[in-house]
Amino acid sequence: MSDTIVKVHIDILTLFPRMFEGPLDEGMVKRARDRGVVSITVHNIRDYAHDKHFTVDDRSYGGGRGMILKVEPLCRAIEDVKSKVKQDSFVVLLSPQGRPLSMDLALELSKKQNLIFICGHYEGVDERVRENLVHDEISIGDYILSGGELPAMVVIDVMVRFLMLDKEVVEKDSYASGILEYPQYTRPSTYHGWEVPPVLLSGDHSEIVRWRSGQAMRRTYERRPDIRIKKVEEHGADIRR
Ligand SMILES: C[S@@+](CC[C@H](N)C(=O)[O-])C[C@H]1O[C@@H](n2cnc3c(N)ncnc32)[C@H](O)[C@@H]1O
C-alpha cells in the first residue's frame, strides 16, 4: 500500500462476506485500496449474534411471510465498528425503499470519512434499525434483489470513480454531465466493412467537438429524454446532425 492518506473508510455489514471477495479485489476498486484512497472492511453480522445458534433473523410480528433481520446483532455490529474509528460513521442501509442512487448521491458519500453499509437480507430489516441507527437509505433501482451485497458493491464502485479519477473525467460521464456520452471508436478504422465516422479521422478538432456534442444530445433525447433535459437545451448544439 502507498502512503497516501485514506480518504474514505467503509465498513460493510453482511451475512455473506465471501460475496465481496473478487469484486472488491479487482480493477479500479483494487487500485483504490492499494493506494489507500479507500479502505474496506467486511464484517459478518452473524459474529454479533450471541445465542448458541448465532440467530440473526426471526418471524415478523403480526405475521406474514419471510424472516426479518433482527435489531440486536445489527446494533452490536454498528456499535463495535463505530468504536474502532475516530470520526463518527455515517450509516447507510441498502434498501429498495431508499433514495435512488445517482452521481450526485455517490459524490456526496465519497466525501464522508467513515461509512457503514448495512446489507439487508430475507424479507427485510427490523424497522427499529431504520428508526434509530441509520442516517440514510439507498436504493440502486426499482427492483428487488435478494440482498444488499450487490447494491453495496455498486455504490462503492461509483464512489471509487469519484475518488480515483480527475474531476474533468467524471464530469464528462453520462449522467454526471446531464447528457449521455457520445459514441466512441478505436482502431482499426474499418472492420468487416464497419466504418468509423469519417469526421473522427479528419483531424478537424472543432468539427469533432461539434459532431460529438450533437451525437450526445441526440442519444439523450432518443434514449433518456427524462434526464436533465434542461441541461441538454442549454448545451445549444444542432441535434439533427
Ligand atoms: C428481498 S429484499 C427485501 C425487500 C422488502 N421485502 C421490500 O419489499 O422492501 C432483501 C434486502 O435486499 C436489499 N435490496 C433489495 N433490493 C434492493 C435495491 N433495489 N436497492 C438496494 N438494496 C436492495 C435490501 O438490503 C433488502 O433489505
Side-chain angles (χ1 to χ4, degrees), residues 8-24 29 38 40-49 53-82 89-112 114-163 173-176 224 226-227:
V8 185
H9 175 71
I10 304 170
D11 287 291
I12 300 170
L13 308 183
T14 172
L15 291 173
F16 301 98
R18 285 193 358 219
M19 281 184 74
F20 292 89
E21 289 169 16
L24 299 186
V29 179
V38 65
I40 303 171
T41 311
V42 183
H43 308 265
N44 192 336
I45 298 167
R46 216 171 276 283
D47 292 342
Y48 295 90
H53 299 294
F54 301 101
T55 311
V56 290
D57 60 319
D58 209 335
R59 284 169 297 176
S60 177
Y61 276 124
R65 72 189 168 88
M67 302 296 272
I68 306 300
L69 204 45
K70 288 164 71 65
V71 64
E72 307 103 297
L74 277 174
C75 187
R76 281 189 213 111
I78 291 167
E79 280 170 1
D80 181 45
V81 162
K82 279 188 170 184
S89 303
F90 188 80
V91 184
V92 174
L93 173 67
L94 282 312
S95 160
Q97 302 175 19
R99 281 206 282 162
L101 179 63
S102 64
M103 297 293 268
D104 288 342
L105 180 46
L107 177 63
E108 202 181 305
L109 290 176
S110 69
K111 291 176 180 162
K112 308 271 183 210
N114 292 295
L115 285 162
I116 299 176
F117 286 146
I118 305 172
C119 306
H121 226 84
Y122 311 117
E123 264 319 291
V125 176
D126 188 311
E127 191 65 19
R128 287 167 292 184
V129 172
R130 282 194 173 87
E131 290 167 351
N132 302 293
L133 300 168
V134 162
H135 297 113
D136 206 351
E137 293 179 51
I138 296 179
S139 164
I140 63 158
D142 294 345
Y143 41 79
I144 305 293
L145 292 121
S146 59
E149 286 74 14
L150 291 170
M153 292 179 217
V154 169
V155 176
I156 291 170
D157 198 279
V158 184
M159 281 174 58
V160 161
R161 290 191 80 252
F162 278 113
L163 293 166
D173 278 336
S174 302
Y175 301 109
R224 293 296 306 272
D226 54 308
I227 61 161

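Sequence positions, counted from 1, serve as the residue numbers for this chain. Remember, it's 1-based here, ligands and their atoms both numbered in the order they're listed.
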Return yes if some donor-acceptor pair links the side-chain N/O of D80 with the main-chain N/O of R76 below 3.5 Å, else return no.
-> no
Hey, does the side chain of S139 reach the backbone of G141 with a donor-acceptor pair shorter than 3.5 angstrom?
-> yes
At less than 4.0 angstrom from any non-hydrogen atom of [X], what atoms of ligand 1 do you find?
X	value
S139	19 (N), 20 (N), 21 (C)
G148	12 (O), 13 (C), 25 (O)
S146	10 (C), 12 (O)
G141	19 (N)

Would a 4.5 Å heavy-atom cut-off, applied to side chains only, mark V29 and I40 as touching?
-> yes
Check: K111 and F162 side chains under 4.5 Å, non-hydrogen atoms | no
Between ligand 1 and [X], is the shortest N or O to N or O distance under 3.5 Å?
X	value
G120	yes
I144	no
I118	no

Run the contact test for I138 against ligand 1 with a 4.0 Å cut-off on heavy atoms, strictly below, and give the result.
-> yes
List the closest protein heavy-atom neighbour of [atom]: residue, atom name, distance to the nearest 0.1 Å.
atom	answer
atom 2 (S) of ligand 1	L145 O, 3.3 Å
atom 10 (C) of ligand 1	Y122 O, 3.4 Å
atom 20 (N) of ligand 1	I140 N, 3.1 Å
atom 3 (C) of ligand 1	E123 O, 3.5 Å
atom 19 (N) of ligand 1	Y143 O, 2.8 Å
atom 9 (O) of ligand 1	Q97 NE2, 3.2 Å
atom 24 (C) of ligand 1	L94 O, 3.1 Å
atom 22 (N) of ligand 1	S95 N, 3.3 Å

Any idea how F90 and H135 line up, ring-wise: parallel (<30°), tilted (30 to 60°), or perpendicular (>60°)?
-> parallel
OG1 on T14 to NE2 on H121, rounded to 0.5 Å = 8.0 Å
What one should report as the nearest heavy-atom pair of M159 and S110 is CE-CA, 3.9 Å
Measure across G120 and E149 and return the closest heavy-atom pair with its distance rounded to 0.1 Å.
-> O-OE1, 4.3 Å
Proximity to ligand 1 by part of P151, non-hydrogen separation under 4.0 Å | side chain
From CA spacing to verdict: side chain to side chain contact (heavy atoms under 4.5 Å, CB included), F20, C119 | CA-CA 12 Å; F20 292 89; C119 306; 4.0 Å; yes
Give the intermediate values and the outcome of side chain to side chain contact (heavy atoms under 4.5 Å, CB included) for residues L15 and L69.
-> CA-CA 10 Å; L15 291 173; L69 204 45; 4.0 Å; yes
Side-chain donor-acceptor pair under 3.5 Å between S95 and R130, yes or no?
-> yes
